[in-house]
S.K.: 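For reference, the structure I am asking about is given below.
Only a predicted model underlies this, so the values are computations on that prediction, with no experimental measurement involved.
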Amino acid sequence: MTIKLIAIDIDDTLLSTQHQILDSTKSQIKKALDQGVKIVLCSGRPLAGVAPYLVQLGIAGDQQYVVTFNGSVIETAAGEIIQQVGITHETYRAVDQYSKANQLAYNVLDSDSTIYTSNLDVDPITVVQAWENEAGLLIRQPDQVKPDVKMIKAVFTGPSAVLNQHEAPVKDQFGRENYVVRAGSRFLEVMHREVNKGAALKQLATHLQLQPAEIMAIGDEQNDIPMFNFAGTAVAMGNGSAAAKRHADFITTDNDHDGIAQALDQFIF
């Protein structure tokens, strides 16, 4: 069956280690778009952090789509919301309490891409997130945030070794009511329990009347595994985690050596 949609993770997949889109990637994606294949960027970032790459790739309008916040939001490239599912303020408060009790940095993102944290010593990774996403960064206690602000996800941040120690306890405390996933070596994310990239891709496929066999997914990390499990063709980057590679049908080269271009050559052209 012909592949009609390609879901592509951004960090360490679409982007090289220099945080750039390779020329080979731009060329192959343009070729796919010209043939009518939908290219859907699927990222943990909010739309503000994805938008610059949509522009670079020529993905625009209400007939192109993007999955943001690790599947919490499905929207058109023009910003029309198709589905949005966030965390409760109770979860937000519990994350804040865990952060303070364990001296573990965190932030939460609202539906406008604004980042909130109560950490007075703001973690450098949170600052980088705000810069990459072109989002505001507010230092607030939960009681200082209006209850009608829609929080989409929470993110614990820190060195990989520190998050390794907290991953199991965080899953124990938050995993029953939420989806907890390691989105990278320095990100441990808490989202609505029905949210993940695979569920969002399934919802989008239903919206577009596509079958899994008509979808290819490309990624590198644990948060990409749900979309690997849904898509008919799953491609892991050569620089991807061992867990991601175990769930892939094909392992391409890494994000500095034309990995996406190679995958499109293999399955699309």
Side-chain angles (χ1 to χ4, degrees), residues 42-49 67-75 81-123 125-130 133 135-158 162-203 221-227:
C42 296
S43 176
R45 298 177 181 224
L47 183 61
V67 172
T68 56
F69 292 102
N70 265 328
S72 299
V73 179
I74 306 168
E75 53 199 309
I81 301 294
I82 295 172
Q83 177 177 288
Q84 178 176 278
V85 183
I87 60 173
T88 65
H89 271 250
E90 287 75 18
T91 294
Y92 165 31
R93 289 176 179 276
V95 166
D96 178 80
Q97 290 169 2
Y98 187 97
S99 168
K100 291 171 179 172
N102 295 278
Q103 297 183 321
L104 181 64
Y106 89 100
N107 61 73
V108 292
L109 292 90
D110 72 11
S111 56
D112 293 322
S113 304
T114 302
I115 295 175
Y116 299 77
T117 182
S118 66
N119 304 147
L120 298 180
D121 294 324
V122 180
D123 187 85
I125 299 173
T126 295
V127 176
V128 171
Q129 278 181 269
N133 296 335
L137 173 56
L138 301 177
I139 299 176
R140 298 286 189 275
Q141 299 295 329
D143 285 343
Q144 296 174 304
V145 178
K146 293 180 180 179
D148 60 347
V149 173
K150 296 180 180 178
M151 294 301 182
I152 304 300
K153 71 172 183 177
V155 186
F156 289 110
T157 63
V162 172
L163 291 186
N164 288 345
Q165 296 174 3
H166 285 279
E167 187 169 354
V170 168
K171 286 183 175 178
D172 285 344
Q173 179 168 338
F174 296 96
R176 182 174 297 179
E177 297 298 328
N178 301 275
Y179 170 52
V180 179
V181 68
R182 195 71 172 266
S185 63
R186 307 187 74 173
F187 298 95
L188 180 59
E189 304 198 351
V190 179
M191 292 163 285
H192 189 280
R193 62 183 176 185
E194 296 176 1
V195 160
N196 60 60
K197 288 187 180 182
L201 199 54
K202 181 178 180 180
Q203 181 70 22
E221 253 307 342
Q222 291 183 42
N223 61 327
D224 297 314
I225 291 173
M227 69 175 183

S.K.: Please name the pair of heavy atoms, one in Leu163 and one in Ser185, separated by the smallest distance, quoted to 0.1 Å.
M.R.: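 Smallest heavy-atom distance, with atoms named: CD1-O, 3.8 Å.
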S.K.: Between Asn196 and Gly71 (side chain of the first, backbone of the second, donor and acceptor by atom type, cut-off under 3.5 Å), is there such a pair?
M.R.: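 Side chain of Asn196 to backbone of Gly71, a donor-acceptor pair under 3.5 Å: no, none is there.
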S.K.: Using every non-hydrogen atom in the two residues, find where Gln173 and Ala94 come nearest and quote the distance to one decimal.
M.R.: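 Minimum heavy-atom separation between Gln173 and Ala94: NE2-O, 4.3 Å.
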S.K.: State the OG-CZ distance between Ser118 and Arg140, to the nearest 0.5 angstrom.
M.R.: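 Taking OG in Ser118 and CZ in Arg140, the distance rounds to 12.0 Å.
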S.K.: Does Ser43 reach the main-chain N or O of Thr68 with its side chain, forming a donor-acceptor pair under 3.5 Å?
M.R.: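 Not at all, since once roles are kept as given, no pair shorter than 3.5 Å links the two residues.
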S.K.: Quick one, Val190 and Thr91 - any side-chain contact, counting heavy atoms below 4.5 Å?
M.R.: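 When only atoms from C-beta onward are counted, Thr91 and Val190 do touch, with a gap below 4.5 Å.
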S.K.: Would you say Gln103 has more than 12 foreign heavy atoms packed within less than 6.0 Å of its CD?
M.R.: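 For Gln103, atom CD is not crowded (no more than 12 foreign heavy atoms under 6.0 Å).
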S.K.: Nearest 0.5 Å, please: how far is CE in Met191 from CD1 in Ile152?
M.R.: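 One finds 11.5 Å between CD1 of Ile152 and CE of Met191.
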S.K.: Students often mix this up, so state it plainly: with edges at 30° and 60°, are the rings of Tyr98 and Phe174 parallel, tilted or perpendicular?
M.R.: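 Geometry flag for Phe174 against Tyr98: perpendicular rings.
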S.K.: Does any donor atom in the side chain of Thr157 or Asn107 lie under 3.5 Å from an acceptor atom in the other side chain?
M.R.: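 No, no side-chain donor-acceptor contact under 3.5 Å.
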S.K.: Is Glu177 close to Thr88 at the side-chain level, that is, under 4.5 Å between some pair of heavy atoms?
M.R.: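 Heavy-atom side-chain distance check fails, nothing below 4.5 Å.
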S.K.: For Arg182, run the side-chain hydrogen bond (donor to acceptor under 3.5 Å, both in side chains) check against Gln222, Glu167, Glu221 and tell me which one passes.
M.R.: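 Answer to the side-chain hydrogen bond (donor to acceptor under 3.5 Å, both in side chains) test with Arg182 among Gln222, Glu167, Glu221: Glu167.
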S.K.: Over all heavy atoms of both residues, which pair between His192 and Tyr179 is shortest? Give the atoms and the distance, please.
M.R.: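 What the structure gives for the nearest pair is O-CB, 3.4 Å.
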S.K.: Just wondering, do Arg93 and Asp143 contact through their side chains at under 4.5 Å, heavy atoms?
M.R.: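 Asp143 reaches Arg93 side chain to side chain.
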S.K.: Checking Glu189 now: which residues fulfil salt bridge (Lys or Arg N to Asp or Glu O under 4.0 Å) with it, not counting sequence neighbours?
M.R.: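 For Glu189, the residues satisfying salt bridge (Lys or Arg N to Asp or Glu O under 4.0 Å) (neighbours in sequence not counted) are Lys153.
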S.K.: Would you compute the distance between atom NZ of Lys202 and atom CD1 of Ile74 and round it to the nearest 0.5 angstrom?
M.R.: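 Those atoms lie 12.0 Å apart.
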S.K.: Does any non-hydrogen side-chain atom of Val85 lie less than 4.5 Å from one of Phe69?
M.R.: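 No; the side chains remain at least 4.5 Å from each other.
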S.K.: If you measure from CE on Met151 to CG on Asp110, what distance do you get to the nearest 0.5 Å?
M.R.: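 Here the rounded value is 6.0 Å.
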S.K.: Nearest 0.5 angstrom please: Met227 CE to Leu201 CG, how far?
M.R.: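 It comes to 7.0 Å.
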S.K.: Looking at Lys197 and Gly44, what are the two nearest heavy atoms and their distance?
M.R.: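 Closest approach of Lys197 to Gly44, heavy atoms only: CE-N, 4.5 Å.
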S.K.: Checking His89 now: which residues fulfil ring pair (Phe, Tyr, Trp, His ring centres under 6.0 Å) with it, not counting sequence neighbours?
M.R.: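 By the ring pair (Phe, Tyr, Trp, His ring centres under 6.0 Å) rule, His89 matches Tyr92.
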S.K.: Using modelled atom types and a 3.5 Å cut-off, is there a donor and acceptor pairing between side-chain atoms of Asn178 and backbone atoms of Val180?
M.R.: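 Absent.
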S.K.: Can you name the one residue among Leu137, Val108, Leu138, Leu109 that meets side chain to side chain contact (heavy atoms under 4.5 Å, CB included) with Thr114?
M.R.: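 The passing option is Leu138.
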S.K.: Hey, is CG on Asp121 packed in by over 12 heavy atoms from elsewhere, all under 6.0 Å?
M.R.: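 Not more than 12 within 6.0 Å, no.
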S.K.: Decide whether Asp96 and Tyr106 meet the rule of one side-chain donor and one side-chain acceptor closer than 3.5 Å.
M.R.: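 Note: Asp96 and Tyr106 side chains meet the donor-acceptor criterion.
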S.K.: Look at atom NZ of Lys100 and say whether more than 12 heavy atoms of other residues, nucleotides or ligands are closer to it than 6.0 Å.
M.R.: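 More than 12 within 6.0 Å, yes.
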S.K.: Under 3.5 Å, side chain of Arg45 to main-chain N/O of Ala48, donor-acceptor pair present?
M.R.: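 Checked: no pair found.
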S.K.: Could you tell me whether the side chain of Phe187 reaches within less than 4.5 Å of the side chain of Asn223, counting heavy atoms only?
M.R.: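 Result no, sub-4.5 Å side-chain heavy-atom pair not found.
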S.K.: Considering only heavy atoms from C-beta outward, does the side chain of Glu75 approach that of Ile82 to under 4.5 Å?
M.R.: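 No, their side chains stay 4.5 Å or more apart.
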S.K.: Please round to the nearest 0.5 Å and tell me the distance separating atom CD of Gln129 and atom OG1 of Thr117.
M.R.: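 With rounding to 0.5 Å, CD (Gln129) is 10.0 Å from OG1 (Thr117).
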